[in-house]
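Worksheet: one structure, shown below.
Nothing fancy with the numbering, it's 1 onward along the sequence. Here the structure is a predicted model, which means the values were calculated and not measured.
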Amino acid sequence: MRGRLGILTLCLLLTATGTAACSGGDEDRTTLRVLAGPDLAVLEPLLGELRAETGVELDMDYQTDADTGDALAATGRNSGGHELAWLSTDRSFRLRHRDAARRMPRTPTMLSPVVVGLRPDAARELRAGSPGSRLSWADLADAAATGTVRFGMADPRRTGTGLAALVGVATAAAGTGGALREDDVSCDRLRGFRSGQRLTAASTRDLLDDFVAHPGTANALITYESDLLALNAGGRLKEKLEIVRPQDGTVLADFPLLLLDPERRPAYDKVVEWLRRDSVQEKIMRTALRRPVNPSVAREGGLRTPVGNALYFPDRPGVLERLLDDYGDPRRRVASQVIFLLDFSGSMRGERMAELREAFAALSGADTSAKGGFARFYQGERLTVVRFGERILEERTITVRGQKAGQADLRALADVVARGGYGDATAVWTALDHGYRTASSAVAAEPGRPLSIVLMTDGENNAGLAYEEFVRRYEARPARTRTAVHTYPVHFGEADAGALRRAAAKTGGRMVDARDSSLSEAFKEIRGCR
């Protein structure tokens with residue numbers, strides 16, 4: 001008893017003098033089972049201090065981000081033996097399971113934006129082509145489309161970093177400045193960006209290891225700022241990466257600590273109070289290279305650089321599902337093919353043909369706006385141009401290669417659009433039937449390559465097949481062609497909007513009206529997107 005009183009007296013004296021209070025004997029200690037994301041493992045050195053100063057021990061159960069989300073979704077009281085959860089981000093969980101998330105107290109513990117690390121040669125090349133000193137997601141998407149940037153990014157379906165990066169790029173591509181809506185998620189805007197992905201992984205740690213082990217595969221890395229700072233400081237790279245915080249904004253992770261078991265609230269409050277102390281925030285900053293959540297703590301080193309604009313995370317589950325579905329599996333991706341059926345009847349001479357050529361030039365890289373950077377033709381994409389009048393006048397197919405070779409490919413395609421050879425009439429349905437004949441052969445040769453048809457005309461059908469005959473032939477084509485290939489008509493000039501809508505509905509596509517904007521804008525919007 002005397003020994004216990006002595007210890008108690010000592011602890012009270014230490015508390016009075018401002019020294020960390022004693023936790024008492026082992027019987028006063030509390031152990032909490034924590035469902036943890038792998039990005040929290042870097043804080044292991046601090047957990048001993050937490051235990052010594054609060055009497056609370058955290059038993060960390062590290063799982064991949066996707067697994068932690070699944071576990072949280074199934075969490076009832078004490079489900080799975082976890083009493084707390086500590087994640088890099090819980091945004092996806094909160095979005096999909098609002099009611100369950102609302103009952104869980106959460107406390108942000110540190111901050112890190114998802115940014116881009118560039119190898120020095122890639123950074124120099126990218127900045128040489130950028131008019132400003134700061135790079136944007138649009139610049140990176142444009143460079144990925146041409147093969148200038150070849151990046152590694154964790155799988156957005158499995159990791160918080162990959163999902164945050166995807167949301168950041170899609171939000172920048174939408175250009176609204178707000179949270180993504182379903183109408184903002186257009187498949188054409190991300191195809192060029194995703195064509196530049198060379199490395200992926202189910203965890204951030206595996207991604208970093210692959211990037212280091214295969215230096216020639218990728219020249220850029222999209223992940224948390226803290227990962228890039230640690231990589232630069234760790235001596236694993238021959239040359240340090242240049243860290244780019246895109247000027248159009250980033251998604252910020254706040255590494256929340258969640259309370260799963262309400263009966264553990266006193267211990268949770270102790271942990272939260274300790275983690276939010278200025279002195280501990282400084283240790284977290286130096287240990288994990290993450291930004292303090294307390295504004296009173298001065299940032300150090302590379303963390304002094306402002307984060308810039310913080311992008312909103314989607315607030316609707318359907319937006320997230322559509323975004324992930326469109327991006328697809330990073331390991332199993334095949335570039336798409338688009339068949340452009342272009343009206344070269346006499347009515348297209350002059351200003352209308354100039355607008356068509358301008359549209360193709362914009363898609364080939366002449367449009368340097370943010371939207372142009374996201375919507376351009378990209379490496380690996382197969383493009384077929386069919387000129388038609390009263391009959392098929394010419395057909396040309398190219399597959400876009402990377403960098404300078406790709407520019408040569410696109411110039412060859414532009415030559416087809418630039419040539420004359422106008423027809424005397426407009427055989428719309430003959431052209432569309434020809435497009436499906438070409439598509440059927442392509443689908444049979446490469447079933448995995450996404451394929452779509454874009455039909456542009458400025459007049460009504462007055463030659464060749466009638467619409468009913470086109471439908472008869474269409475319905476006789478193989479089921480896999482009809483299932484896979486949709487038509488996206490562009491309404492221009494005096495074209496029959498009703499007929500074009502019927503064709504779109506019949507084939508599973510949709511019509512875009514270029515009279516409300518321009519051919520260039522219509523092509524950006526419609527390239528194979530429902």
Practice task
Find out whether Val307 and Thr250 are in side-chain contact, i.e. whether some heavy atom of one side chain is under 4.5 Å from a heavy atom of the other.
Solution key: yes
Exercise for the section: Without swapping roles, check the side chain of Glu390 against the backbone of Asp424 for a donor-acceptor pair under 3.5 Å. Expected result: yes
Practice task
Would you check if Glu460 and Thr426 make a side-chain contact, meaning some heavy-atom pair closer than 4.5 Å?
Solution key: no
Practice task
Check the pair Ile453, Tyr488 against side-chain contact (heavy atoms from CB on, under 4.5 Å), reporting the backbone distance first and the verdict last.
Solution key: CA-CA 6 Å; Ile453 295 174; Tyr488 303 91; over 6 Å; no
Practice task
Compare all side-chain heavy atoms of Leu500 with those of Thr457 and state whether any distance is below 4.5 angstrom.
Solution key: yes
Practice task
Examine distances only and state if a side-chain atom of Arg357 and a backbone atom of Ala418 form a donor-acceptor pair shorter than 3.5 Å.
Solution key: yes
Practice task
Any chance you could measure Phe151, atom CZ, to Thr223, atom OG1, to the nearest 0.5 Å?
Solution key: 12.5 Å
Handout entry: Student check: side-chain heavy atoms of Pro306 and Arg245 closer than 4.5 Å
Key = no
Fill in the blank from the handout: Closest non-hydrogen atoms of Val42 and Asp39, given as atom of the first, atom of the second and distance, are CG1-O, 3.8 Å
Exercise for the section: Evaluate the side-chain contact (heavy atoms from CB on, under 4.5 Å) criterion for residues Thr397 and Ile339: first the C-alpha distance (whole Å), next the side-chain angles of each, then the deciding distance (0.1 Å), finally the verdict. Expected result: CA-CA 9 Å; Thr397 297; Ile339 299 173; over 6 Å; no
Exercise for the section: Assess Arg502 against Tyr467: is NZ or CZ under 6.0 Å from the centre of the six-membered ring, and within 45 degrees of the ring's axis? Expected result: yes
Handout entry: N/O donor-acceptor pair under 3.5 Å between Arg157 side chain and Asp329 backbone
Key = no
Exercise for the section: May I ask you to decide whether Asp315 forms a salt bridge with Arg91, counting only side-chain N to carboxylate O separations under 4.0 Å? Expected result: no
Handout entry: Salt bridge present between Arg150 and Glu125 (N-O < 4.0 angstrom)
Key = no
Handout entry: Main-chain N/O of Val485 paired to Tyr436 side chain as donor or acceptor, under 3.5 Å
Key = yes
Problem - Leu252 side, atom CG; Ser112 side, atom OG - distance, nearest 0.5 Å - result: 7.5 Å
Handout entry: Heavy-atom check, side chain of Pro38 versus side chain of Ser88, under 4.5 Å
Key = no
Problem - Donor-acceptor contact below 3.5 Å, side chain Gln337 vs main chain Thr384 - result: no
Handout entry: Closest approach of Leu320 to Val167 (non-hydrogen atoms, all atoms of both residues)
Key = CD1-CG2, 4.2 Å
Exercise for the section: Work out which heavy atom in Phe255 is nearest to a heavy atom in Arg290; give both atom names and the distance. Expected result: CZ-NE, 3.5 Å
Handout entry: Modelled atom types, side-chain donor and acceptor of Asp433 and Thr430, under 3.5 Å
Key = no
Exercise for the section: Quick one: do Leu341 and Leu432 satisfy side-chain contact (heavy atoms from CB on, under 4.5 Å)? Show the steps, please. Expected result: CA-CA 7 Å; Leu341 306 175; Leu432 190 54; 3.8 Å; yes
Handout entry: Sidechain N-carboxylate O distance under 4.0 Å for Glu321, Arg96
Key = yes
Practice task
Side-chain contact test, heavy atoms from C-beta onward, threshold under 4.5 Å: evaluate it for Met348 versus Leu342 and give yes or no.
Solution key: no
Exercise for the section: State whether the number of non-hydrogen atoms from other residues, nucleotides or ligands found under 6.0 Å of Gln247 atom CD is greater than 12. Expected result: yes
Exercise for the section: Would you mind checking if Arg472 and Glu468 are paired as a salt bridge, meaning a charged N to carboxylate O distance below 4.0 Å? Expected result: no
Handout entry: Residue pair Met353 / Tyr422, side-chain heavy-atom distance below 4.5 Å
Key = yes
Exercise for the section: Using the six-membered ring wherever Trp is involved, compare the ring planes of Phe377 and Phe340 and label them parallel, tilted or perpendicular (cut-offs 30° and 60°). Expected result: perpendicular
Exercise for the section: Could you list all the side-chain hydrogen bond (donor to acceptor under 3.5 Å, both in side chains) pairs where at least one residue sits in residues 204-213, not counting sequence neighbours? Expected result: Thr161-Thr204, Ser203-Asp206, Asp209-Arg236
Handout entry: Backbone N/O of Gly249 and side chain of Trp137: donor-acceptor pair under 3.5 Å
Key = yes
Handout entry: Atom pair OG1 (Thr159) and CG (Leu166), whose distance is rounded to the nearest 0.5 Å
Key = 10.0 Å
Exercise for the section: Taking Ser136 for its side chain and Pro246 for its backbone only, find out whether a donor-acceptor pair lies under 3.5 Å. Expected result: no
Exercise for the section: Over all heavy atoms of both residues, which pair between Trp429 and Ala503 is shortest? Give the atoms and the distance, please. Expected result: CZ3-CB, 3.7 Å
Handout entry: Interatomic spacing from CZ in Phe344 to CD1 in Ile392 - rounded to 0.5 Å
Key = 12.0 Å
Problem - Basic-acidic side-chain contact under 4.0 Å: Glu475, Arg482 - result: no
Problem - Donor-acceptor under 3.5 Å (His491 side chain, Ala495 main chain) - result: yes
Completion exercise
Here the pair of heavy atoms bringing Leu393 nearest to Gly423 is CD1-N, 4.0 Å
Exercise for the section: Find the distance between CZ (Phe313) and OG1 (Thr171) and round it off to the nearest 0.5 Å. Expected result: 9.0 Å
Handout entry: Phe193 versus Val169, closest heavy-atom pair with distance
Key = CZ-CG2, 3.7 Å
Practice task
Would you please say whether a donor-acceptor pair under 3.5 Å links the side chains of Ser195 and Glu381?
Solution key: no
Problem - Main-chain N/O of Thr507 paired to His486 side chain as donor or acceptor, under 3.5 Å - result: yes
Handout entry: Evaluation steps, side-chain contact (heavy atoms from CB on, under 4.5 Å), between His214 and Arg198
Key = CA-CA 10 Å; His214 305 95; Arg198 294 293 183 272; over 6 Å; no
Problem - Sub-4.5 Å side-chain heavy-atom contact between Val149 and Asn219 - result: yes
Exercise for the section: Could you point out which residue of Leu231, Leu118, Val116, Leu229 forms a side-chain contact (heavy atoms from CB on, under 4.5 Å) with Leu241? Expected result: Leu231
Practice task
Hey, could you give me the CD1/CG distance between Ile398 and Leu410, rounded to the nearest 0.5 Å?
Solution key: 5.0 Å
Practice task
State whether the side chain of Glu225 and the backbone N or O of Asp227 hold a donor-acceptor pair below 3.5 Å, judged by distance alone.
Solution key: no
Practice task
Count the heavy atoms belonging to other residues, nucleotides or ligands that lie under 6.0 Å from CZ of Arg501, then report whether that count exceeds 12.
Solution key: no
Problem - Arg119 to Phe211 six-membered ring, cation-pi geometry met (6.0 Å, 45°) - result: yes
